[in-house]
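Lettering follows sequence order; numbering is per chain, from 1.
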Amino acid sequence: ADPIKIGVVTPLSGTYAGIGQQVRWGLDLATKEVNAAGGIMGRQIELIYEDEEANPSVAVQKADKLFQVNKVDFLTGTVNSASTVAVGQVAERANKLIATTVSFADDITGAKCSPNVFRVNARAGQQSAALAAWLAKDKPKAKVFFLGPDYLMGRSTVAAFKDAAEKSGASSLGEVFAPLDSKDYTQYFGQMRAARPQVLYTSVAGNDTVRLFSQMQEFGLMKDLLVLGASGTVTAQNLPAIGKAAEGFATGVGYSDEIDTPENKKFVEAFKAANKAAPDLYGADSYGLIYAYKAAVEKAQSTDTDKVRKALEDLKWQTPQGEKTLRAGDHQAVQTMYVVRVTGGKFMTVGQVSGADAIGPDTCPRF
Amino acid sequence: MADALTRSMRASHVLVAILVIASLIFAVVGAALGDTFYLRLGTEALIFAGLALSVDILLGYTGLLSLGQALYFGLGAYVSALVLMVTPSFWAAMGATLAVAIVIGLVGGFIANRVRGVFFALITFGMAQVAAKVVYNTRALGASDGLIGVPIINVNFGFASVSSASPAGFFVLTLAFIFVLYALSAYLLDTPFGRLVIALKANERRVPFLGFSTVTPRLTAYVIAAVIAALSGALYPMLRGFVSPELLFFTTSGNAVITVVTGGVGTLVGALYGGILLTVLKSVVGSYTEHHLIVIGLLFMIAVIFLPRGLMGIVRPAIERMLEPRAKP
Amino acid sequence: MSAAIEYFQYVLAPQMLIGLVLGVAVILVALGLTIIFGLLDVINMSHGEFYALGAFIALALASIGLPFWLLLILVPLAMLPVGYIVERGLIQRVFHSGERHVTTLLLTFGLGLVMEDAFRLVFGPNPHKPETPISGAIDILGVFLPLYRLFLIVGGAVVVTLVALVVYRTRLGAMVRAAAFDKHMAASLGVPVQHVYAGAFAFGVALAGLAGVLLAPIYTVFPTMGRDFILMAFTVVIVGGMGSIAGVVVAGVLLTQVQAISSLYISPVWSDPIVFGIMVIMLMVRPQGLFGRLGHG
Amino acid sequence: MLDIHNLNTHYGTSHIIQGIDLNIDRGAVIGVFGRNGVGKSTFLKTIAGWVRPSKGEVVFNGERIDGQTADRIARLGIGFVPEDRRIFPSLTVEENLTLGYLQVPHRSGADNNAALQRIYRRFPRLLERRNQNGTTLSGGEQQILAMARVMIGRPKLLLIDEPTEGLAPMIVADLFAIISEMKAEGCTILLVEQNVRQALKACDRFIVIERGRIVQSGDSANEQDRTTLMNTISF
Amino acid sequence: MTPPVLEVRDLSVNFGGLRAVDNVSFAIARNRITTVIGPNGAGKSTLFNLISGAVRPRAGQVLIDGVDHTGEPPNRLQAAGLARSFQITNLFFELSVAENLRLAAQILEPTRMAWRPVSASRAAMTRVDELLVRFRLDGKASYPVGKLSHGEQRRLEVAVALACRPKVLLLDEPTQGMSHGDTEDTAKLIKSLADDVSVLLIEHDIGLVMSLSDHVIVMHQGQKLAEGTPTEVRGNTAVQSAYFGHA
Ligand SMILES: Nc1ncnc2c1ncn2[C@@H]1O[C@H](COP(=O)(O)OP(=O)(O)OP(=O)(O)O)[C@@H](O)[C@H]1O
Ligand SMILES: Nc1ncnc2c1ncn2[C@@H]1O[C@H](COP(=O)(O)OP(=O)(O)OP(=O)(O)O)[C@@H](O)[C@H]1O
Ligand SMILES: CC(C)C[C@H](N)C(=O)O
Ligand SMILES: [Mg+2]
Ligand SMILES: [Mg+2]
């Protein structure tokens, strides 16, 4: 039979290239497994990649190409929240479905939701709920300072965590937003020191984290400070470069390679064997997406957009991090959230919140 | 006796005619096959060719390298998007873009034209950076996310109407529009006004002694380029349905310069061919390797070194020679 | 009262001191840029990538066990032939066209794209963090400064002084400018023009490499790092006066202080537009910059 | 000392120098005359290495110099003062002058300085203007600077293209005096000049070029040759 | 009484400490040739720069037909009827010979033609053809100026200055670099021009100055040293020692 084609528009160059790499590794691995086991309804999966160049205008053009020329049945891979939203509009016009496995911004399955867009990873709100619950136990009534990257994702994660943490008794000392790709975070250290926080929450990601953490360590700020962050702040991808400075960092995630289940152990092993690197949340969530799509198509017995949408809504499926459900009301995945902490250079699970407790209300106005 | 500059301009016209005919065939074939992607990609290529055209007016004729032409392109895109989201009218969007582009072009031209040469390149770059950062930081303009949800519109000509969602229709509309921009620029550059602009490039300091102010032609050329960039940009949200700050970034300006240099500086038509070539190239190379920057960068370097007059620099003289016998009685 | 002192101690003073470190970093990157422009009239758009190349070479050499202090010498030396070859093989081919500014700018722009992508090809997209060669910090009245940053301020001053001596105290500067302006006439006066161009370019590139080694421990190493300082460096070169070493120093310190203070009192995200705005205004009212061209007073 | 054999030079497809043969003895002053556009300057530029000959050879003191780079040729002791002066605008008068040091490799700093002082004594105006930008000098002053800049390198062979252009009569006389001085010091000179009458006084021999060829070669002292010359150049 | 076609009063300019032009006054007569002579660096070209608006005078006035034009930019002076050539060739080197002339003649076209294609510029085109022939450049009409020989460029420099049919023509060493025959040609041409143009000339070729000029002004160290008919000036001892080099 003809293969089922899945388009992947993901940043393979530019600032987010490292994330794109994890996305690719995760998708490739799942595809290989599914294909080896006979594919979806007897059809092989074929992945078609396009470089998004971390630029929404390019993303849109590439998405158009995948839909119109390559006639893909489904599309994924967008990282930047702005790209996800813009590509969602392309999907609507083409009457196709997309899913993001990376973008955090709450809006994607909130105010800016679309019937054609799904999200299989945990959004900012879910991450914060788990982390705040853990913080309330570990350090009750903590005094928190916030540092986020100045764009939608940064604002959204800081707001979400602030909200969750204050509800569970913490207090906020101040917040500062640094431009994306800042070379020097030391200029915010004065404000930070003056506020004398016990806890720092940050949602900078990728290479920005490397700089922030090593500069904080250089300036002796890591002493007696608990650093928390968004899921993307420290991952397998930048952990080696951060080194010791990451010690003690805690975050709420939908995935960690240390999750102690047989399914995950198997996944991590296979991933390491294929890519000579550990999976992070992007790799795992992208991996899981292929299985979600497989389940949905098999349930619908078709790749038709409406039928697959129907099948994806309220779908339950197995992923390395356990069972996930796609909430029909906003197309957001509901999943168990973990709190993980860097100990001895590795993530250790230190807390867990059930999917239902972390998910938060459905705010999608459109369907 | 045909003037040398007039003659080379005529050769450009021949090349444009070829391009228009080829594009129309492309549109017919595309429509017949029910294609959308290639027609839309072609439309996007033409839109960016419009931006390149404005860069060539500055670089090829006025002798000024603009490293910030995306400022006007992005301006046009944002103005058009904002207007369309309020009232989905093509003419309102274009009218508003034209007005805003003239005003901002005059201000920008006043600032940028205080300096020459490399300083001009840097000042235009600086202005575009400031504008891009302002848009990026302004929540009312969608900040880093840009604006999505620009509606599909119907362009009404009285006798006919074209939907921006119709791939072939909007392609032909864009083609006609860019062609008009080209024709206007080409016409202007062959007038005494245009020749004055060219003279400024060749030896600015001599011009006043011929009885002409240098300020007016230079500023006029700058504003014309700004308007062309902005009007081209105004088509972008109609095609794609959204705008994002990346449209104002240096990558956009830089790509326009690459386009002009590869196509042929000072030919006008080079901007159009270059725009199409580059779009096709990026689309093709990008599908094979994620290291397309190496390929594009190398090609660009080769163009700068070996084809100082770009692709049209090779083709156009041949056409000029073909036109020669007809020019002389 | 004590609140004011505390504010100064914890907020304002560190902010300014940190701004100074950043200033030194920017100056180090801008130095090679201004020299290449001042002497050769070439705007080297790939300067940032040469800075990155220096950092990557340092990273590679450090991984085979060479000590940082040796790299400070080795890397610039290794960059010399690189710069020499790039000039002879590429820049020279368009250097003598009528629009040198434009052609060389475009060529180096293309080169920068290629280099950046090549780094990604060879070293992968993820960041690397070299060990900081001097650890520890000093605490002066509560103003905290890591020793390596202190070293950077001192080392930066030494580098700038040495470079200024070479350029101003020798006839080299005049020779290069003459060759850049009129190669035939300069050659007929005995100036070995080919070597002069390539030598000057290589010198600028070696300085970029040196900046790469010095800054890598603080700012980390990754393929797109060349974009980091380059905008700021360009701004500093323009505001200071293209080709002026003194200009780079003064503008480098001033602009980074503006940045530091404005991110404190306005917002960090507006500090970039403010700095670029200053550049635009500077170009309008005094295009030659604070100080004129190299060797012109 | 200079042997030119069948020299040909092209600019693109235009054939400018079309087979020139010329031998010059040490210490001779040769005038090169001809109407505008016949290739006089191109002839000098070819010898100086600014343009490559398409055919033929140039031998200087036994060494082939055609095809060598201009700076090599300069360091062999061939000085060139081109027709449009070519003062470096961003350099001061003194920097313009001291650039000339490089024509003599391995000369000591003290000797260089002595040469500079000699020039300043000879041309006090340059001393007055030493710190001013070269191109702010008046036309005539620039011409003097261009000559002085080459003289500082004490060339063995000097190629001069229309040196009296734009000079006041007093300076013209001075310039020819300089040429005589240099000749006395053993310098060989090839002089392109439109001011034929004056130039003839300074020359031993002369050639007339037309369309890239030598059409007359004469002795300045010979009355007959001079009459023929005058007839050729003022059509 | 009609005012002189060009008059300067107490014109001065400094470059740093140097008084390049120092309190110079004179007037030139209509349709006559007035020549400025003087040693190198006397301030002759600077004087031209002041008159043509290239350099702003520190003090003094420039009047054309009795109207004060001091400190106006070159294009305004040009509009008042003044044209000039340059001592150091100043042309559009990348453009063709014909286009250089056409640009110079463009001002002859009525303004409404500014927005019509140049091929419609009949007045300018006729002028171009006329000048190409007169300066024997018709064979090189489509040559880029940069590829002309030095002498040819000098000829074009004069032609460009003439192209706009000026009322007052300033020629800065027009014959410099021209061959013998061309110099004589140019002299004849200048002579013939003076039937309807007032010419101010800078020349070092004394033979030419004597035969051509109606009036001679001698400059020395920025100041006007003497003024008079060619013979008067030649007889002046101060002029002889400052300029000719024999007392
Ligand atoms: N921009 C300037 N800055 C400084 N000095 C200048 C400038 N322009 C001219 N001078 C000086 O002013 C004096 C007069 O120069 P000018 O060019 O007017 O002389 P001139 O009479 O035309 O001489 P020549 O016959 O050699 O052309 C010269 O000594 C020159 O060095
Ligand atoms: N770069 C060039 N490209 C093409 N042709 C050129 C170039 N330079 C000069 N020529 C042509 O070569 C011919 C000879 O020029 P050259 O400068 O040698 O003449 P010349 O004898 O020195 O004349 P003049 O007395 O006017 O200085 C001229 O016809 C000129 O047009
Ligand atoms: C941390 C990043 C992966 C988040 C992503 N850039 C977003 O916009 O949601
Ligand atoms: Mg000549
Ligand atoms: Mg003069």
### Message
Among D/Y101, D/F88, D/F80, which residue satisfies the side chain to side chain contact (heavy atoms under 4.5 Å, CB included) criterion with C/L189?
### Response
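Answer after filtering D/Y101, D/F88, D/F80: D/F88.
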
Heavy atoms of other groups near [X] [atom1], more than 12 under 6.0 Å:
X: D/H15; atom1: NE2; result: yes
X: D/H5; atom1: NE2; result: no
X: D/R75; atom1: CZ; result: yes
X: D/R64; atom1: CZ; result: yes
X: C/R93; atom1: CZ; result: no

### Considering all heavy atoms, the nearest C/V191-D/L99 contact
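That would be CG2-CG, 4.2 Å.
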
### Task
Please report the closest heavy-atom contact between C/A174 and D/E95, naming both atoms and the distance.
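The answer is CB-OE2, 4.0 Å.
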
### Query
Within the distance-only criterion (no hydrogens, no angle test), does the side chain of C/R177 pair as donor or acceptor with the backbone N or O of D/S90 below 3.5 angstrom?
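Flag set: sc C/R177 to bb D/S90 pair under 3.5 Å.
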
### Query
Would you call the rings of D/W50 and C/H184 parallel, tilted or perpendicular if under 30° counts as parallel and over 60° as perpendicular?
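Correct class here is parallel.
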
### Query
Which region of D/T98, side chain (C-beta onward) or backbone (N, CA, C, O), has a non-hydrogen atom less than 4.5 Å from a non-hydrogen atom of chain C, or is it both or neither?
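Contact with chain C: backbone and side chain both.
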
#### Entry: Contacting region of D/R72 [heavy-atom separation from chain C under 4.5 Å]
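No part of D/R72 comes within 4.5 Å of chain C.
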
### Message
Measuring only between side-chain heavy atoms, which start at C-beta, is D/L102 closer than 4.5 Å to C/M175?
### Response
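Side chain of D/L102 against side chain of C/M175, heavy atoms only: contact under 4.5 Å found.
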
### Query
How many angstroms lie between atom CD1 of D/I73 and atom OG of C/S188, to the nearest 0.5 angstrom?
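Going from the CD1 atom of D/I73 to the OG atom of C/S188 covers 7.5 Å.
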
